2 protein chains.
Amino acid sequence: MTTLIIGNSRTSEMVGDLAALTPAQLRAGGCVAQRMLWFARDGDVLVLPFAPPPEYRDYVTGLTGTDPDTLAVVVPPPGRLGTEILAPDRLTDPGFLRRLRHALGDQPPHEILAVYKDVTVTGLARALAAETALPGYPFSAQAGDALVNSKAGFRALAAGAGVPIAPGTVVTRPEQALTAVTDLFDRGHSVMVKLEFNGGGYGNEILSRTGGVAPAGAPRVEVLPDRAAVLSYLERRWEWLTAGGAHRLVVERFFPDSTTLYAEYLVADEGARLIGVGELLMEPVAIGAVLPAQTIGPQTRAELLDGAQRLVESLRVLGYRGVVSADAIHTPDGPVLFTETNCRLTGSTHVHLVLDGRVVDADHRDERVFLERSGWAVPSFPAAVERLAAAGLGYDPTSRTGVVVTSNEVDADGTVTCCAIAGDLAAAEEMHRRLGGLGPENLR
Amino acid sequence: MTTLIIGNSRTSEMVGDLAALTPAQLRAGGCVAQRMLWFARDGDVLVLPFAPPPEYRDYVTGLTGTDPDTLAVVVPPPGRLGTEILAPDRLTDPGFLRRLRHALGDQPPHEILAVYKDVTVTGLARALAAETALPGYPFSAQAGDALVNSKAGFRALAAGAGVPIAPGTVVTRPEQALTAVTDLFDRGHSVMVKLEFNGGGYGNEILSRTGGVAPAGAPRVEVLPDRAAVLSYLERRWEWLTAGGAHRLVVERFFPDSTTLYAEYLVADEGARLIGVGELLMEPVAIGAVLPAQTIGPQTRAELLDGAQRLVESLRVLGYRGVVSADAIHTPDGPVLFTETNCRLTGSTHVHLVLDGRVVDADHRDERVFLERSGWAVPSFPAAVERLAAAGLGYDPTSRTGVVVTSNEVDADGTVTCCAIAGDLAAAEEMHRRLGGLGPENLR
C-alpha cells in the first residue's frame with residue numbers, strides 16, 4: 001500500500017504567480033513542503049523540492065513511528081524557479097518521471113496525497129497510470145480545484161448554499177470596485193479586498209476611511225479618506241488586485257476584532273468526515289492555530305459546523321475530494337460569517353491527521369489541546385530539539401504532552417514552528433512562553 | 001402578479017466583450033431582445049433596448065392571448081454602446097430607474113425574468129427591493145452565473161458529476177494549449193477550441209492537421225499541418241482565445257458528423273422540471289432547432305436525460321435557479337458527450353414555454369413537432385405575415401398547425417425566424433420549403 005506524497009506547497013492557484021515570489025518566499029515554500037514527512041508511513045514515496053535534512057526527517061519519523069529507511073524521496077532536477085518549490089516544470093521532467101516510476105517499483109501507487117491537486121498533479125497521476133489513486137481525479141483533471149479555491153467563486157458557492165457571508169460582492173472592473181468600496185464606506189464600514197487566489201491573508205488588504213483600524217487577516221490597512229483616494233488606490237493597485245486583469249476581486253465588509261475559525265473535513269464519495277475545528281491566530285496574518293478552538297461556545301460551534309457542512313456538501317456534489325477547510329470569522333456581535341474554503345492540505349492538516357491521532361493516539365486526543373505557532377528563533381534544527389529536551393519541554397509519549405517541532409524553517413528565516421500539546425490551553429500557552437526564554441532570541 | 005421582463009439579450013458573459021460587437025451584431029442582439037414579448041402576460045412590465053415595432057408586438061400578443069394595451073415597455077436612455085442592447089450602463093441609469101419604478105406602480109414586481117442574471121440584473125433587483133422576485137438571487141448576486149456559464153467551469157462540473165465529456169482539458173497558458181492540441185492531433189483527432197464565454201458556436205474554432213474536415217459547432221476550420229503551424233496559430237489568436245488573458249481556454253477532441261442535442265430544464269429550490277428536449281441545427285453554427293428531437297432513439301434520449309439531470313442537480317445544489325440547457329453531441333459511434341450548460345434563457349426557451357403550452361395548448365403539445373429556423377428573407381415583418389396568410393401557411397389555432405414568425409430580424413439582416421408547427425417532422429420541413437418559394441428570396 002504505497003502512498004505517493006507530493007510536496008507541492010506552492011502553486012499559482014494558492015499564492016498567485018509563482019515567478020513573482022521572492023527568494024525568501026520560495027525558500028519558505030520549500031521548508032513547508034518538508035512537512036509532508038508527517039504523513040509518511042513505511043514504504044511511502046515522497047516527491048520533495050529538495051532532500052529533507054536528515055535530522056528533521058528522523059525527528060518526524062521518530063514521532064510517527066515510521067522507519068525512515070523504508071521511505072524513498074525523489075527530487076526533480078531544478079526548474080526555471082530553482083530548487084525551492086515543486087513548480088510545474090519540475091514535476092513534468094522526463095528524467096524525474098523515470099526515477100519516480102522506478103522508486104514506485106514500476107507500479108502505480110495505491111494513493112496519491114498532494115498539497116494541491118492542480119492539473120500538473122493530475123497530469124503526473126495520468127503519467128503514472130494512477131488516476132484512480134488520486135481522490136477526485138475527474139474533477140481536478142478539468143482544473144476544478146481552481147474553481148473551489150477561488151475566493152470569488154466561494155461567495156457564490158456560499159450564497160447558493162445559504163451560508164452566511166460578509167456583505168460585499170465580486171468585481172471585475174475598477175468602476176465596480178469603486179462603487180462597492182464606496183457603498184460600504186458610506187454605511188460606516190471598513191472594507192477588506194481579497195485577491196481571488198492567494199493564502200494566509202497575504203492577498204488581502206483592509207481599506208478604511210479613517211485611521212485607527214487594526215489589521216487582522218491582512219498585512220496592512222490603507223486609509224482612504226475620500227472618493228479620490230479610493231480611486232487613486234484602485235488605479236495604483238489594480239494590476240496587483242486582479243493579477244493583471246486575469247482574476248476577479250472580492251470586496252467585503254471588514255469586521256474588526258473578530259476571531260478566525262475553521263472546520264476541516266475529509267471529503268469522500270459517500271460523504272464528509274469532520275477532522276478538526278480550530279481557531280487561527282492572526283498577527284495580523286496567520287502565524288498559528290489552536291485546536292480544538294477554545295474561545296467559542298456551543299452555539300457558535302453549531303453555527304460553524306452547520307455552515308461548514310453545507311459548504312462541504314456543495315463541494316462534494318461538485319466533485320471535489322480530499323481535505324477542505326471552511327474558514328469563518330466570529331464577529332464581536334455574534335454571527336459566524338464564512339470567508340473562504342481551502343480545498344487543499346492546510347497549515348493544520350498535519351496536526352489534525354497526524355499529531356492528533358498518531359503522535360497522540362486516538363484514545364487520548366479528546367483530552368488534549370494543540371497550540372501551534374511559527375517563529376521560534378533557533379540557531380539550527382538540532383539545537384531546537386536539544387533545547388526542548390534540556391528544558392524538559394520536549395514531547396513525552398507517555399504523558400502525551402510537550403512541544404513538537406512541526407516545521408523547520410531554519411534555512412528560510414532562522415525559525416522553527418512548534419506545536420505545544422497539553423491538557424488545556426493555559427498549559428499549552430505556558431509551554432510557548434517558556435520557549436521564548438530558551439535562548440537569546442525571543443518568541444516572535 | 002406583475003412580472004418584470006428584462007431583454008438583456010447580450011451580456012459579456014454570454015458573448016464576450018460587448019464593446020467588440022460589430023454594429024450588425026449589436027442590431028441582431030436588439031432584435032433578439034424583442035423576443036421577450038412572447039413571455040409577457042397581461043399587466044407585465046418589459047425593459048427592452050428599444051420600443052418593439054407595433055406590428056411585431058401585436059402579432060406576438062395576438063398569438064399568446066395577451067392584451068398589448070396592458071403591457072408597459074420601459075426603454076432606458078442610450079448608453080455608450082448605443083440603443084441596440086441593454087448594456088450595464090443603460091440598466092443603471094437613475095432616470096430609467098425612476099421610470100421603471102413608476103411603471104411598476106411603485107411596488108416591487110412579483111417576479112423578474114431576465115435573459116441572463118448577471119450582477120447588473122441583481123443590482124437592478126436590489127434597486128427595486130425585489131431580491132426575492134429574482135429566482136436564485138443570492139447565487140447570482142455573487143456573480144455565480146459567470147461560473148455556471150463558463151465553458152471551462154463546465155468541464156469540471158461535468159467531470160465531478162460523472163457526466164461524459166469530450167476528451168480534452170482547460171488551459172491558461174499557450175504552452176499548455178500547444179501540448180493539449182498536439183496530444184489530440186497525435187492520436188489522430190481534430191480539435192475544437194472554445195472560448196470560456198461565448199455562444200452559438202461563435203466562440204469556437206476547429207483545428208485539424210489535415211484538410212477536408214467540415215465545420216460544425218464552429219464557424220470555420222483551421223488547418224495546422226505541423227507543430228510550427230499550431231504554435232503560430234496560438235500566438236496569432238491567443239489574445240482572442242483568452243480575451244487578453246482574462247479567460248481560460250477549452251481544448252477538446254472534435255467529433256465530426258455529430259448531431260447536437262439539448263435538454264432544457266427549469267430549476268427551482270425543490271428540484272428541476274424538464275421543459276424540452278431538442279436538436280440544434282448547425283450550419284455550421286446554430287440556425288435553428290427541432291423539438292422534440294427527432295433523430296434519437298430511446299437509448300440516446302435516456303443517456304441525454306441521465307447526464308442532463310446530474311448536471312442540473314449539481315447546478316441546483318450550487319444555488320443556480322432558472323432555465324438551464326444541458327447541451328450534448330451525439331457522436332456517430334454512439335455515445336452522448338456533454339458540451340456545455342447554458343444557465344440563461346436560450347434560443348428555444350420561448351418555444352418550450354410559450355409556443356408549446358400557450359400557443360399550442362397543453363392538451364395538444366404532445367402531438368406536435370416544432371421546427372424553428374432563422375433566415376427567411378422578407379421585405380418587412382408585415383409582409384412576412386401577409387405572405388404566410390396568403391399561402392395558407394400561417395398558424396391556425398384550430399388545427400394547431402402552421403408557421404409562427406417567432407423573431408423579427410428585418411431591421412438587422414432583412415430576415416425573420418419562423419417556427420413551423422406540424423404533426424410530424426416531414427410536414428414541418430415541407431412548411432419551411434414552401435416559405436422559400438414565397439417571394440424572390442430563397443431560404444438561407
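Letters go in sequence order (proteins before strands), and every chain restarts at 1. Given the structure is predicted, the values throughout are model-derived calculations rather than measurements.
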Segment of Ala141(B) engaging chain A (4.5 angstrom heavy-atom cut-off): backbone
Side chain / backbone / both / neither for Val317(B) at chain A, heavy atoms under 4.5 Å: both
Heavy-atom contact with chain B under 4.5 Å, split by part of Arg248(A): side chain
Lys117(B) to Phe139(B), cation-pi by 6.0 Å centre distance and 45° axis angle: no
Portion of Leu147(B) that has a non-hydrogen atom of chain A nearer than 4.5 angstrom: side chain
Structural part of Ile165(B) lying under 4.5 Å from a heavy atom of chain A: side chain
Contact origin within Arg316(B) toward chain A - heavy atom pairs under 4.5 Å: neither
Flag, side chain of Arg90(B) to backbone of Pro77(B), donor-acceptor distance under 3.5 Å: yes
Test item: side-chain donor near acceptor, Asp145(B) and Ser140(B), under 3.5 Å: yes
Intermediate values then yes/no, side-chain hydrogen bond (donor to acceptor under 3.5 Å, both in side chains), Arg126(B) and Tyr137(B): CA-CA 9 Å; Arg126(B) 200 161 49 244; Tyr137(B) 173 87; 2.8 Å; yes
Close side-chain approach of Met192(A) and Phe255(A), heavy atoms under 4.5 Å: no
Option that, when pairs with chain A are counted at under 4.5 Å, heavy atom only, ranks first among Gly160(B), Gly244(B), Gly319(B): Gly160(B)
Student check: side-chain heavy atoms of Phe197(A) and Thr11(A) closer than 4.5 Å: no
Between Ala246(B), Ala161(B), Gly144(B), the one whose heavy-atom pairs under 4.5 Å with chain A are most numerous: Ala246(B)
